[in-house]
Amino acid sequence: MAQPRSVDVAIIGAGTAGLAAHSSARRHTDSIVLIEAGAHGTTCARSGCMPSKLLIAAAEACHAIGHAAEFGIVAERPRIDGAAVMARVRRLRDRFVGGVLRVVEQMPAAQRLDGAARFLDGQTLQVGDQRLRARAIVIASGSQPFVPPAYRELGTRLLTSDSVFELEQLPGALAVIGGGAIGLELGQAFSRLGVRVRLFDRGDRLGPRGDAIVSQLATELFRSELDCTLHTEPQARLSDDGRSVELEWSDGDGRACRERFDYLLVAAGRRPNLQQLDLAASGLELDPHGIPRHDPLTLRCGDSAIFIAGDVNGARPLLHEAADEGRFAGTNAARYPDFQAHRRYTPLAIGFTDPQYAVIGVQPDAPGEHELAIGEVSFADQGRSRVLGRNRGIGRLYGCRASGKLVGAQLLGPAAEHLAHLLAWSIQHQLSVEQILAMPFYHPVIEEGLRTALKDLRRALRRGEGPRSDCIDCGPGD
Ligand SMILES: Cc1cc2nc3c(=O)[nH]c(=O)nc-3n(C[C@H](O)[C@H](O)[C@H](O)COP(=O)(O)OP(=O)(O)OC[C@H]3O[C@@H](n4cnc5c(N)ncnc54)[C@H](O)[C@@H]3O)c2cc1C
């Protein structure tokens, strides 16, 4: 048998984490190989963050016209050119993918290998007919949509985030399975673009979890706009002509319901891409989900020379985390056995729905070592939000009683994508509530809503001293 090719670092997967690992490892060695089993371009650009936000942008444009009457502007009911909407999604999506492809093409050819990698042992990989022996390995193989077995036989009428952006036309009717970020973002966007949407979730809540008050309001707000059937896993069958999907479920009173849709979009979570890797041969210890046990600070699996980064490790399946983990895993692999722990970002997750939501830092259902005090703002009467006609939602800020520091938050409301960054940055810099309040807040801005919540939190940290007042942005405040 031919000798295996020897390299310092082998990276499995050329997605965001793998590309970041490659670029950081290259600062230490040129003896690297980046292995990709599928199409280059990353999940983010091809079928994740970017096309979903492009679809949402179209939906927002359409929604704004529909709501112009609130401002005294009478607009004609918009005519939606579904083919043009989907063509723009794909055209700009392809630009983003093209940017990634250029990065890959600029890599030395010897550092790229196409094919599916699997372990032969803890340091050897098989890729097609090639064997690779690596001093250290980075697993960055990402994740894929999970489709429950009940929905797997729907042929071309079954959609996931991998296929939905390939539609050339907007469907007439779409059923969505899953009320998490992806299901809500896509369900709401299609609905705002005139598609008849019904969203199902087997739980009783939509959107953010961890704070019952926020999730209850989120569920109410999303249900006020979208047909949502909760506590329900409908049955699905392909229609006789194969051109639609028939769903059946029973309502709260046990009555049988049946509805026909053009497609079923399944957004029921994602599973790490581990099946092809033959991890049994790697010698790694696996957790009950089949994911290699690893240290989140070094990303090292057990006491091996294998590191794991990005969605595949199941910890924080988000783009900025995949990039960060990839960078550290790449550096640690290249410097192995001289590897280091890295400082993790403050947890930050955003749902690009309307209203947007964000989950930041420590959460009330997992307070860790903190005893939490909570400050709150309702966006219903927040000045700037009302001016913009976007006055829906709530902000809940969590402070540590012992230190007086802001440690976490949940937001549901206007501009949450921006407010969430201010909070995450403050938390990461370990600012106290007093220190944040000592910084300027312009007027009139949505950030003033954060100030209201911070003042409420300050009161709560002082254990409820003084009456809670409705903070008036235009007035002196307190
Ligand atoms: C619809 C949708 C919307 C999203 N929106 C957001 C958002 O708004 N913000 C956000 O932060 N995140 C978002 N995400 C999540 C984000 O896209 C992911 O966290 C990120 O892309 C993960 O990057 P990764 O490198 O871990 O995986 P990927 O980019 O998926 O890369 C993994 C690569 O490994 C390859 N591979 C798999 N197995 C093998 C093998 N055996 N051998 C070789 N190669 C292999 C795969 O082909 C793939 O190219 C979204 C995801 C989806 C699906």
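Below, all heavy atoms of this structure are taken into account, side chains as well, without hydrogens, waters or symmetry copies. All ligand and atom numbering here is 1-based and tracks the order in the structure.
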Item to check | Enumerated ligand 1 atoms positioned under 4.0 Å from heavy atoms of S47 | outcome: 1 (C), 53 (C)
Checklist entry - Is it the side chain (CB and beyond), the backbone, both or neither of A37 that lies under 4.0 Å from ligand 1, heavy atoms counted? => result both
Checklist entry - Can you tell which part of H40 has a heavy atom less than 4.0 Å from ligand 1: side chain, backbone, both or neither? => result neither
Next on the checklist: I'd like to know if the side chain of T29 reaches the main chain of R26, judged simply by a donor and an acceptor atom lying under 3.5 Å from each other, with no hydrogens or angles considered.
Outcome noted: no
Checklist entry - Is the backbone of A61 close enough, under 3.5 Å, to the side chain of R192 for a donor and an acceptor to pair up by distance? => result no
Checklist entry - Once the angle between the rings of F339 and Y336 is folded into 0 to 90°, is it parallel (under 30°), tilted (30 to 60°) or perpendicular (over 60°)? => result parallel
Next on the checklist: Please determine whether side-chain hydrogen bond (donor to acceptor under 3.5 Å, both in side chains) holds for the pair S141 and N273, giving the CA-CA distance in whole Å, both sets of side-chain angles, and the decisive distance to 0.1 Å.
Outcome noted: CA-CA 6 Å; S141 51; N273 287 328; 5.5 Å; no
Next on the checklist: Within the 4.0 Å heavy-atom shell around S161, which atoms of ligand 1 are there?
Outcome noted: 1 (C), 53 (C)
Checklist entry - Identify the closest protein heavy atom to atom 17 (O) of ligand 1: which residue and atom is it, and at what distance? => result C49 SG, 3.5 Å
Item to check | Atoms in ligand 1 flagged as close to L277, the criterion being non-hydrogen separation under 4.0 Å | outcome: 41 (N)
Item to check | Under 4.0 Å to a heavy atom of A117 - the qualifying atoms of ligand 1, by number | outcome: 40 (C), 41 (N), 42 (N), 43 (C)
Item to check | E36 (side chain) donor-acceptor with A14 (main chain) under 3.5 angstrom | outcome: yes
Checklist entry - Heavy-atom contacts under 4.0 Å between A140 and ligand 1: side chain, backbone, both, or neither? => result backbone
Checklist entry - What residue and atom, counting heavy atoms only, is the protein's closest point to atom 34 (O) of ligand 1, and at what distance? => result G13 CA, 3.2 Å
Next on the checklist: Testing the basics here: between M107 and R112, what is the closest heavy-atom pair and its distance to 0.1 Å?
Outcome noted: O-NH1, 3.4 Å
Checklist entry - Just heavy atoms, cut-off under 4.0 Å: does K53 contact ligand 1 by side chain, backbone, both, or neither? => result side chain
Item to check | For atom 27 (O) of ligand 1, closest protein heavy-atom neighbour | outcome: G142 CA, 3.4 Å
Checklist entry - With a 4.0 Å cut-off, would you call E321 and R344 a salt bridge? => result yes
Next on the checklist: Looking only at protein heavy atoms, which one is nearest to atom 30 (O) of ligand 1, and what is the separation?
Outcome noted: T43 OG1, 2.4 Å
Checklist outcome for this item: For I12, the ligand 1 atoms with a heavy-atom partner under 4.0 Å come out as 40 (C), 42 (N), 43 (C)
Checklist entry - Can T124 and R133 be said to form a side-chain hydrogen bond (donor to acceptor under 3.5 Å, both in side chains), step by step? => result CA-CA 4 Å; T124 317; R133 190 155 177 82; 2.8 Å; yes
Checklist entry - For ligand 1, which atoms, with element, lie under 4.0 Å from some heavy atom of G38? => result 47 (O)
Item to check | H342 side chain to N332 side chain, donor-acceptor N/O pair below 3.5 angstrom | outcome: no
Next on the checklist: Under 4.0 Å from a heavy atom of G115: which atoms of ligand 1 are those, numbered in the order shown and with their elements?
Outcome noted: 42 (N), 43 (C)
Checklist entry - Is any side-chain N of the basic residue among R293 and D287 closer than 4.0 Å to the acidic one's carboxylate O? => result no
Checklist entry - Which bit of I350 is near ligand 1, meaning a heavy atom under 4.0 Å away: side chain, backbone, both or neither? => result neither
Checklist entry - Relative to ligand 1, is A181 under 4.0 angstrom through side chain, backbone, both or neither, heavy atoms considered? => result neither
Item to check | N or O contact, G18 vs ligand 1, cut-off under 3.5 Å | outcome: no
Checklist entry - Starting from atom 53 (C) of ligand 1, which protein heavy atom do you reach first, and at what distance in Å? => result R270 NH1, 3.3 Å
Checklist entry - So do the side chains of H28 and D8 get within less than 4.5 Å of each other, counting heavy atoms only? => result no
Checklist entry - What is the closest protein heavy atom to atom 21 (O) of ligand 1, and at what distance does it sit? => result C44 N, 3.6 Å
Next on the checklist: Show me which atoms of ligand 1 lie under 4.0 Å from any heavy atom of G310.
Outcome noted: 26 (O)
Next on the checklist: Tell me if a side-chain donor or acceptor on E285 pairs with a main-chain N or O of C301 at a distance below 3.5 Å.
Outcome noted: no
Checklist entry - Among G326, A21, S141, whose heavy atom sits nearest atom 37 (C) of ligand 1? => result S141
Next on the checklist: How far is atom 33 (C) of ligand 1 from the closest protein heavy atom, and which atom is that?
Outcome noted: E36 OE1, 3.7 Å
Item to check | SB check R91 D94 (cutoff 4.0 Å) | outcome: no
Item to check | Test of proximity, T16 against ligand 1: N or O pairs below 3.5 Å | outcome: yes
Item to check | Donor-acceptor contact below 3.5 Å, side chain R390 vs main chain P414 | outcome: no
Checklist outcome for this item: Heavy-atom proximity to atom 25 (O) of ligand 1 ranks first, among A39, A14, A17, for A17
Checklist entry - Ion pair present between R392 and D354, side-chain N to carboxylate O less than 4.0 angstrom? => result yes
Checklist outcome for this item: atom 12 (N) of ligand 1: closest protein heavy atom, distance to 0.1 Å, is L319 N, 3.4 Å
Next on the checklist: Closer than 4.0 angstrom, basic N to acidic O: yes or no for K53 and E417?
Outcome noted: no
Next on the checklist: On a heavy-atom basis, I'd like to know which of D311, L348, N313 is closest to atom 18 (C) of ligand 1.
Outcome noted: D311
Checklist entry - Is I182 touching ligand 1 with its side chain, its backbone, both, or neither, if touching means heavy atoms under 4.0 Å apart? => result side chain
